[in-house]
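Only this structure's heavy atoms are used, side chains among them; waters, hydrogens and symmetry mates stay out. FYI, the numbering just counts along the sequence from 1.
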Amino acid sequence: MNASEAAFPAVEIVHMIGFVLLVGTAALVDFRLLGWRLAHTPVWEIATDLAPWTTTGLVLVLITGPLLLATDPDRYYLATQFRFKMACLALALAFDFVVGRRVRTENTVATPSLQRFAGLVSLVLWSCVVLGGRAIGVLFVAK
Ligand code: HEM
């Protein structure tokens, strides 16, 4: 990754496309769970339609993230921003696995208030991942 000048910006562009797909589609489902948008469409229908894009985004960030990390691992590991981002990413993925996927299924038993709660927590966690990522970018402007 450090051999070519163009490698880092090229990989970072793909990283950004990845998290826009992932966090953008996750936010759309969260807005629906919160009742803010798409109120006439069932949650499961929106989640099912968007799932291929969400998965593509996750795969892209999980491939490009470690590549970016590999350019200066010691510096990133020690950065609070990076640790905060990774902690929020782990929480966001765990919350989605335990709660998120249960409240957006067709036969969900979740009450509307639980759906709203799940949408809010998910939105806050993914926003923290993006904030942590941007904070890394700001910290390492030198690159
Ligand atoms: C959902 C998951 C992720 C999101 C939303 C995300 C978001 C971001 C954002 C917003 C940036 C800043 C881009 C900029 O404006 O300069 C960034 C940079 C970065 N991300 Fe991620 N990221 C994710 C996953 C990962 C993973 C899994 C890793 C590593 C294992 C990672 C490693 C990095 C690194 C090292 C940078 C810094 C690049 C620089 O120095 O500018 N990211 N990420």
Side-chain angles (χ1 to χ4, degrees), residues 1-106 108 110 112-143:
M1 274 286 292
N2 290 326
S4 127
E5 278 272 313
F8 187 92
V11 172
E12 187 152 39
I13 288 167
V14 180
H15 194 64
M16 290 178 176
I17 293 168
F19 71 70
V20 166
L21 283 177
L22 170 62
V23 180
T25 53
L28 278 176
V29 176
D30 294 339
F31 290 163
R32 175 59 188 83
L33 286 168
L34 283 157
W36 293 351
R37 278 292 175 274
L38 305 166
H40 303 296
T41 314
V43 178
W44 66 269
E45 221 176 286
I46 298 167
T48 309
D49 283 358
L50 293 175
W53 296 104
T54 311
T55 311
T56 305
L58 184 61
V59 169
L60 286 179
V61 291
L62 292 181
I63 293 171
T64 54
L67 287 175
L68 294 172
L69 181 64
T71 60
D72 202 341
D74 300 337
R75 209 164 167 219
Y76 285 119
Y77 276 135
L78 296 173
T80 314
Q81 296 84 345
F82 181 77
R83 294 175 180 205
F84 170 76
K85 176 184 167 186
M86 290 300 113
C88 294
L89 177 58
L91 281 174
L93 292 173
F95 184 79
D96 189 71
F97 185 76
V98 176
V99 179
R101 71 194 173 103
R102 286 188 170 84
V103 300
R104 59 172 182 260
T105 54
E106 187 171 5
T108 183
S113 51
L114 178 58
Q115 286 190 320
R116 281 194 293 276
F117 169 75
L120 187 63
V121 172
S122 169
L123 209 52
V124 168
L125 286 173
W126 285 120
S127 303
C128 287
V129 178
V130 173
L131 277 177
R134 186 75 277 264
I136 302 171
V138 170
L139 175 72
F140 291 4
V141 169
K143 268 208 175 286

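Both cation-pi conditions hold for R101 and F97: the charged atom is under 6.0 angstrom from the six-membered ring centre and inside a 45 degree cone around its axis.
Two residues are said to be in side-chain contact when any heavy atoms from C-beta on lie closer than 4.5 Å; L114 and V103 meet this criterion. You'll find the side chain of I46 stays beyond 4.5 Å of the side chain of V43, heavy atoms only. Side-chain contact check for F31 versus L123: some heavy-atom pair is nearer than 4.5 Å.
Separation of atoms CE (M16) and CG (L60) is listed at 13.5 Å; rounding is to 0.5 Å. A distance of 10.5 Å separates CZ in R116 from CZ in R32, rounded to the nearest 0.5 Å. The structure places CZ of F8 at 10.5 Å from OG1 of T64, a figure rounded to the nearest 0.5 Å. With rounding to the nearest 0.5 angstrom, the CD1 atom of I17 is 13.5 Å from the CG atom of L22. From L21, atom CG reaches atom CG of L50 across 10.5 Å, with rounding to the nearest 0.5 Å. In this structure, CG in L28 is found 11.0 Å from CG in D49, a value given to the nearest 0.5 Å.
Shortest non-hydrogen contact noted between R102 and T108 is O-OG1, 2.9 Å. Residue A118 comes nearest to F95 through the heavy atom pair O-CE2, 3.5 Å, listed as atom of the first residue, atom of the second, then distance. Between R104 and A47 the shortest heavy-atom distance is CD-CB, 3.5 Å. Pairing each heavy atom of C128 with each of F84, the nearest pair is O-CE2, 3.4 Å. Scanning all heavy atoms of the two residues, the minimum distance from A110 to Q115 falls at CB-CG, 4.0 Å.
The aromatic rings of Y76 and F82 sit tilted relative to each other, their planes meeting at an angle between 30° and 60°.
Here the side chain of S122 pairs no donor or acceptor atom with the backbone of G119 at under 3.5 angstrom.
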Subject >> Step-by-step side chain to side chain contact (heavy atoms under 4.5 Å, CB included) determination, L58 to L93 >> reply: CA-CA 10 Å; L58 184 61; L93 292 173; 4.1 Å; yes
**OP:** Check step by step if side chain to side chain contact (heavy atoms under 4.5 Å, CB included) holds for W53 and T25.
**Re:** CA-CA 7 Å; W53 296 104; T25 53; 3.8 Å; yes
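In summary, R37 and D30 do not engage in a salt bridge, as defined by a charged side-chain N under 4.0 Å from a carboxylate O.
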